[in-house]
Every structure is written in structure tokens, then in C-alpha cells.
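All ligand and atom numbering here is 1-based and tracks the order in the structure. Hydrogens, waters and symmetry mates play no part in the numbers below; they use all other heavy atoms, side chains included.
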Amino acid sequence: MTKDETKILFSTPISSLRGNIIVPGDKSLSHRALMIGSISTGTTRIKGMLESDDTLRTMEAMKTLGVSISHHKTSDEDFWIIHGRGVGGLLEPSEVIDVGNSGTGCRLLLGLISGYNFKAIITGDQSLKKRPMSRVMDPLYGMGCRFESRPGGLLPLLVKGTSNLTPITYTLPVASAQVKSAILLAGLHSRGNTRVIEPVETRDHTENLLSYFGAEIVCEPYEKVTGSSIISIKGLQELKGRNINVPGDPSSAVFLIVAALITEGSEIILENVGLNPKRANVFKTLKKMGADLTVEESEKSHPEPVGTITARYSKLSAIEISEEDASSMIDEYPILSIAAASANGKTVMKGLSELRYKESNRLQAIFEGLNLCGVKSEIEGDNLIIFGSSGKVKGGGVIETHFDHRIAMAFLILGFNSISPIGVDNVDSIKTSYPDFFKDSRNLGAYFVDKELSEVDSFISKKY
Ligand code: S3P
């Protein structure tokens, strides 16, 4: 669903959500499957890949780097085939690479191409052009890659790679799977062993997939700093093309899960949800809030676990979420805030500094959006405090999404449990991660309506 700039899209209170949904492919894994398949030898088949704006741009980038990728779709089969070029086999791009809205696409790609003796220009959309790239450029510079960027390390970037990268040992200064992955992909193109020390755990899809494709990569506790791990990868090893089933994205599933939890009378079943333990903390957190969730893991599946989640309407209670939990749920705070807004009591979410550097400044966007919908919230340093309404929220606001998909989806869902409708100023961004969000939500019973700017004031004052 794209949106006419002169209209505002509203979600309205609904009676219940019911039904089954097959969750769309995991975004993080889809980017990685495309990139790692491209530098493997032989053929890689990807089933269940997320076909969203972000991942299709990564696919275009790989094609621009000389990789042949095609779609095989018949009445009973649907997969993508990559004819990999092997480590060191990518070609100089003759076009500017535009990764759109995707921080993951951009940062991983920077690592991937840093070990090639060619130049490439990388750009992105208005949101990505504001996001910091120095966190990736700094370690890659240390390995020998050179960059020219806009002041402040911003896109567009000119990347001057080298086929002579030096392996490094790098301690991550921010908890970031993107930075870790960029260094590991660069390390794979260097002569020797590259090590990343991770003081705080982040998602491990790059490690899992590299190992699934046959790479020698070791992750172990790092004795010198308690609680941290060290990941080591050997450079210039061969990866072998594989068949991958991409599980559904838990970060997309959780939007509909919270929608069911806060909407009276709801019961929904979500199939094929990725249950990588480093992504599943949000389900545990919702359970701590009193969520009626059943998580059933399916029989062994490769390369990562999947399962079915049943979510039923629940009376949620406020909790305190510690700073240690932040990196494992970093994409989930917009929708967790919606759960907290409907819960009983004061929820405190700690250590959210990284939320400022996402597709928008999410800390600020959540705070402003909630207050506009009659839910009191405060920012204290890096903590977000939400005073839940213990039931329906007032609603009746038009949210500025800052072109951020997760802010748009989160506030549309809050509209299901509000007294007056909630509108969002842009929904185009949703196609970056969950192109079927409207179709899936409507199938479960959600209702959305477009209003002309001139109708907005009277519509938001409507009470259900
Ligand atoms: C991602 C890592 C996270 C996350 C992003 C996806 C990944 O970003 O927010 O949506 O696939 O590696 P950071 O690495 O910046 O924390």
C-alpha cells in the first residue's frame, strides 16, 4: 500500500483480531543469505527470503557487483538462485549502489567490498544519509580500506577497497551486529585471522550463516573481560553454496503479537517465526508483562530454529527492562512501548541510547507519539518511562513517523486499542520490512482508512 501525500492513514479501534498468519522472511538473514551466497562457490538456493525494499536493494547491489541471481517461481516452488562468485570474485560496480533505507544492507556491504581492489560509490535514502557510518569505516580503515564521505562520515561514500586487507582484533565500542558483521566479512577477504571482541551479545546470524556455508569461524568466551565473547574468522577460505530456508522475522511477528495482546477478544497464530535465542528475548519480556503467549519450537530446522506462536488478549502489567536487555531487543522498543502504553503501571526501559541512531531517532519519535495519543511518557537520559493507561488509550493524534517503518506500524497498532483513531503521516516506509503488513492485519480483522487533510480534525475527534 503506498500513500497519497495529501492523505493521512488511520487505524481505528476494532473488536478483535483472529486467524493465522505466515510471518514474512527474516530481514537480517535475507540480507546475509544474499551476500554470503554471492561470495560462495556454486549455487545457493534461498527459500522464504524477505522480498522487501531493503532486501531487494541488497540483491540489486550484488547484481551490480557481478553476481547472477534469479527467481524460480512455479505453482509449487518459490526460491531464489544465486550463482556465487567465490571469496575475492566480486566485480567493480559500474553504477552507484543505492541501498535505500537499509543500515544493514549498507554497513555489511561496506565490509564485504572493502577487500576488493576497486572503487564503489554507496548512497541511500534521506533517512540513511543521516545515519553514522564511521562506526564501520573506522575499523575498516584500520584494515586498509579508504573512504571519502560527507562531513561526519555520512553517505554518499566513495569506497576505495584493497585486495591487501590486514586482519585486526577489534573490540566493538557499540553493541552492533552490523559493525561486527562488516568486520567479519572484511576479515574473510584478508590474509590471516580477524577477531571481533563483543562486550555485549548481539544477533549472531552472520556467524551462523558463515559456519553453515562451511567457514571456519569460532565464537568463544573472552577471558579478559567477563561476559564478553571473541569471534575469530580465518581469511581467504572457500565457502560452499547451500540451500537456505529463511525463517519468519520475529521483529515483524511481534507487531501482530502485541496487536493481539492489547485488543480484547483476540487470538492469533503466527507460523514460521524465527526463534534464534538472540532475537527471542522480546517474547520472554512480553511474558513477564503477563502476555498469554505460547511458543512452540518446530522439529529441527536449519540454519536457525523456527516455531509457531499463539498470542491471546492479555491484561498487561508494567515492568522494568534493564540496560542489559537493550541490544537483544533493539528493534522491538517501538512496539514494546505500545504494549507498555496499554499496560497497567509505569514501565521503565533502560539504556536506549542506540535507539537514537535507527531509521529515525526512535527514542524521540516514541516519546512524542505516545504523548500525542494521551499516554504520558518521559525521557530521562537514555531511559524511556511510560505510564500505561491500563486499557484503552485516548488516541486521536496524527503521528510523525519520520519515514520510519517501525514507528508507523507501532502507532497504527496502538489505534486498535484507542478511544479515538490514530493516524500516521507516512506508510510507504513499511515496505522496507513488512510489505504485506496491511494485508496480514486486515486478514486478522484490522481496519484502516485514508482521510483527506481537510477531514482529519473531525475524524480524530470521533469516539468509539
Ligand atoms: C541488524 C542489527 C541491528 C538492528 C537492525 C538489523 C542486523 O542494528 O537494529 O535492524 O541485521 O545486523 P545495529 O547493528 O546497529 O544494532
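A side-chain donor from one of Lys180 and Thr202 sits under 3.5 Å from a side-chain acceptor of the other. Of the N and O atoms on the side chains of His71 and Asp78, at least one donor lies less than 3.5 Å from an acceptor on the other residue. For the residue pair Thr432 and Asp53, no side-chain donor N or O sits within less than 3.5 Å of a side-chain acceptor on the partner.
The proximity of Lys27 to ligand 1, defined as any non-hydrogen pair under 4.0 Å, does not occur for either the backbone or the side chain. Counting heavy atoms under 4.0 Å from ligand 1, residue His205 does not touch it at all. By the criterion of a heavy-atom distance under 4.0 Å, the side chain of Arg32, and not its backbone, is placed next to ligand 1.
Between the choices Arg107, Arg406, Lys358, the shortest heavy-atom distance to atom 13 (P) of ligand 1 belongs to Lys358.
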Would Glu60 and Lys63 satisfy side chain to side chain contact (heavy atoms under 4.5 Å, CB included), going step by step from the backbone distance to the final call? CA-CA 5 Å; Glu60 280 314 306; Lys63 288 184 181 171; 3.7 Å; yes
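The list of side chain to side chain donor-acceptor pair (under 3.5 Å) pairs with a residue in residues 30-47, not counting sequence neighbours, reads His31-Thr58, His31-Ser102, Arg32-Ser181, Arg32-Thr206. The side chain to side chain donor-acceptor pair (under 3.5 Å) contacts involving residues 142-157 comprise Glu148-Lys160, where partners must be two or more places apart or lie in separate chains.
Heavy-atom proximity to Ala177, at under 4.0 Å, picks out these atoms of ligand 1: 12 (O), 14 (O). Interface atoms of ligand 1 facing Arg203, defined by a heavy-atom separation under 4.0 Å, are 1 (C), 2 (C), 4 (C), 6 (C), 7 (C), 11 (O), 12 (O). Close contacts of ligand 1 with Ser176, meaning ligand atoms under 4.0 Å from a residue heavy atom, involve 13 (P), 14 (O), 15 (O), 16 (O). Proximity to Ser28 (heavy-atom distance under 4.0 Å) selects the following atoms of ligand 1: 6 (C), 7 (C), 11 (O). Every atom of ligand 1 with a heavy atom of Ile330 under 4.0 Å away is listed here by number and element: 9 (O). Listed by number with element, the atoms of ligand 1 under 4.0 angstrom from any heavy atom of Asp331 are 4 (C), 5 (C), 9 (O), 10 (O). Interface of Thr104 with ligand 1, defined as ligand atoms under 4.0 Å from a residue heavy atom, comprises 1 (C), 5 (C), 6 (C), 7 (C), 11 (O).
Distances between N or O atoms of Ser181 and those of ligand 1 include no value under 3.5 Å. Among the atoms of Gln178, some N or O lies under 3.5 angstrom from an N or O of ligand 1. Close N/O approach between Val179 and ligand 1 is not found [any backbone or side-chain N/O within under 3.5 Å].
The neighbour count for Glu354 CD, taken as heavy atoms of other residues, nucleotides or ligands under 6.0 Å away, is above 12. Counting heavy-atom neighbours within 6.0 Å of Lys129 NZ, excluding the residue itself, gives a total above 12.
Contact analysis leaves His31 out of contact with ligand 1, as no non-hydrogen atom separation drops below 4.0 angstrom.
Cation-pi contact between Arg135 and Tyr357: present, with separation from the ring centre below 6.0 Å and deviation from the ring axis of at most 45°.
A salt bridge does not link Asp26 to Arg203: none of the charged nitrogens lies less than 4.0 Å from a carboxylate oxygen.
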